[in-house]
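Data first, discussion second: the structure below is written as structure tokens.
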Amino acid sequence: MARHLITSALPYINGIKHLGNMVGSMLPADVYSRYLRQRGHDVLYICATDEHGTPAELAAKEQGLPVDEFCAKAHDAQKAVYDGFALAFDYFGRSSSAENVEITQHFARRLKENGFIEERAIRQVYSPADGRFLPDRYVEGTCPHCGYDKARGDQCENCTRVLDPTDLIDPRSAISGSTELEVRETKHLFLLQSKLQHEVEEWVARHEPHWPHLASSIARKWLTEGLHDRAITRDLDWGVPVPADTWPELAAEGKVFYVWFDAPIEYIGATKEWSDQDPENRDWKSWWYDVDDKVRYTEFMAKDNVPFHTVMFPATELGVREPWKKVDYVKAFNWLTYYGGKFSTSQKRGVFTDQALDILPADYWRYFLIANAPESDDSSFTWEHFTATVNKDLADTLGNFVNRVLSFSRKRFGEEVPAGGEPGEPEAKLGEEIARLLGEYQEHMESLQFRKAAAALRALWSAGNSYLEEKAPWLEIKTDKEGAALTLRTAMNLIHLYAVVSEPFIPSTSAAMRSAFSLTADTATWVTSEEARSLTAVPAGTPFTVPPVLFAKLTDDDLAAYKERFGGESE
């Protein structure tokens, strides 16, 4: 089986993330990782908190904490939420780790040796009120492209255009709010991306035919506009230090690497963190170094992160002139909006992941978000859509099927799977339908088409309901007890099948369905087409229990309460 390296965009350390962050990177990566593991592949799913840069310093300042203490607490808080969402990372690291410092400095030295980093004097915004040069994100103002009045000096959150602080209209210090800013000369390191333009173009050209249109179009747009040399150091107190053995003057001035230089390297750094925990059994380089045809690397991210991962980081890797693994497939997502308006961490608009778990268990959110993932276009979260999806798909189609099959069988046949007669034409027809739908589900999961995969999974659940309605064991039992027993046994086998194949989407619910049956050797990780046709995984005589209600139906009162708490329209 293939070896699969999977990463998702690193969540910023400055606060708990909203549902848009979850569906745009970490959740689909988890779903895909779980699926691949079930199919027998060797999978390493790596993520980490992105801890350097201005957001960390500003958030720490707001809370009155030293930045290292703030980051440690925030990392643990984020990890607790991701555990609550059942994200099965192999390792969830920190970009402030010693491993990332070591590898980032190694990359910088190699880029300098190869002529792709040079020191330049630039004019940079200085705030006399703060007594310091202001990194890009410490400067706020109005975006010259879209007019958004809270744009940052590195990128406009509204239109995603990359900016320089001097581009902003009416700039101000994010620290003090002072508008009395000056431009002074200072020195920084620049990554000479212009010298790597053709190499990046050739690399993208080999890969973009296989990428989603969203990822390839963004990469191509950046390349068409031309790669520019970009400063990769900043004047911050928190970050990967510029190594004194290579740039003593800049190191003495306290320069650190720009967060977007060291953050992608943290994928490698986090893998080394994982490896360093058990070095006798884990080899981080076997995933990253000189493994081009041995490892398939898939990245998950929202569209605003695509340029950095399809152009800028590949340029860095190419310039190092070492055989580091580069991404094979970039699964890019559009945005999940909140009633048509943007989710926003900085403006605290929308539903945040910790709040979501306070309301309902993770599987409600996991299913809804993946079933409505913003793949081909932006998609809108509304409470009306959420409650309707939960009620129709989870409570009625799946949950009600499981409950009524097990409850009715226990009432009429006791707490063991009934035997019944031999399968007939309805069962053969059902088996073929389940095998066909399972094939569709697998095909969509393999191609990372998550909405289509969710639709195929929903169709699998619906097939069970159609079979049950056709056979109607509550009527069948009055005239053909053996026939009713066969129907229920077949339906219970469907429940077991659902438990196995639904696990990537709803892992907790899948575990509850699976544990309903006391099978002595239930080691199935997937269901073959033949097994789907025969539906014999749970034999007659197997003890079973009726689990608690899998999914509670949401009421009009629930809907009203959600909208009152979070608002029901964009702002």
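Throughout, residue positions are numbered sequentially from 1 according to the sequence presented.
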Quick one: sort the [X] and [Y] rings into parallel, tilted or perpendicular, breaks at 30° and 60°.
X: Phe89; Y: Tyr82; value: perpendicular
X: Tyr297; Y: Tyr267; value: perpendicular
X: His385; Y: Phe368; value: perpendicular
X: Trp203; Y: His207; value: tilted
X: Tyr35; Y: Tyr441; value: perpendicular

Side-chain donor-acceptor pair present, Ser462, Asn465, cut-off under 3.5 Å |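 There is no such pair (donor and acceptor under 3.5 Å, judged by atom type) between the side chains of Ser462 and Asn465.
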Show me the side-chain donor-acceptor pairs of residues 350-361 shorter than 3.5 Å, one per line, residues at least two apart or across chains.
residue	atom	partner	partner atom	Å
Thr353	OG1	Lys17	O	2.8
Gln355	OE1	Phe352	N	2.9

Around atom NZ of Lys481, are there more than 12 heavy atoms of other residues, nucleotides or ligands at under 6.0 Å?
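Count not over threshold, so no.
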Q) Just by distance, do the side chain of Arg3 and the backbone of Ser286 share a donor-acceptor pair under 3.5 Å? A)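 Confirmed, Arg3 side chain pairs with Ser286 backbone.
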Q. Under the 3.5 angstrom rule, does the side chain of Arg282 hit a backbone N or O of Trp274 as a donor-acceptor pair?
A.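 Such a contact is found between Arg282 side chain and Trp274 backbone.
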Check: Got a second to check how far Asp328's CG is from Leu5's CG, nearest 0.5 Å?
Finding: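 Taking CG in Asp328 and CG in Leu5, the distance rounds to 9.0 Å.
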query: In Å, rounded to the nearest 0.5 Å, how long is the span from CD of Glu415 to CG of Leu406?
result: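 These two atoms lie 11.0 Å from each other.
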Any carboxylate oxygen within less than 4.0 angstrom of a Lys/Arg side-chain nitrogen, looking at [X] and [Y]?
X: Arg94; Y: Glu51; answer: yes
X: Arg436; Y: Glu432; answer: no
X: Asp393; Y: Arg458; answer: yes
X: Glu375; Y: Lys331; answer: yes

Can the positive tip of Lys325 be found less than 6.0 Å from the middle of the six-membered ring of Trp287, inside 45° of the ring normal?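 Not satisfied by the 6.0 Å and 45° rule.
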**Prompt:** Relative to Tyr289, does Lys285 satisfy both conditions: NZ or CZ under 6.0 angstrom from the six-membered ring centre, and within 45 degrees of the ring's axis?
**Reply:**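 Relative to the ring axis of Tyr289, which defines the angle, Lys285 lies inside both limits.
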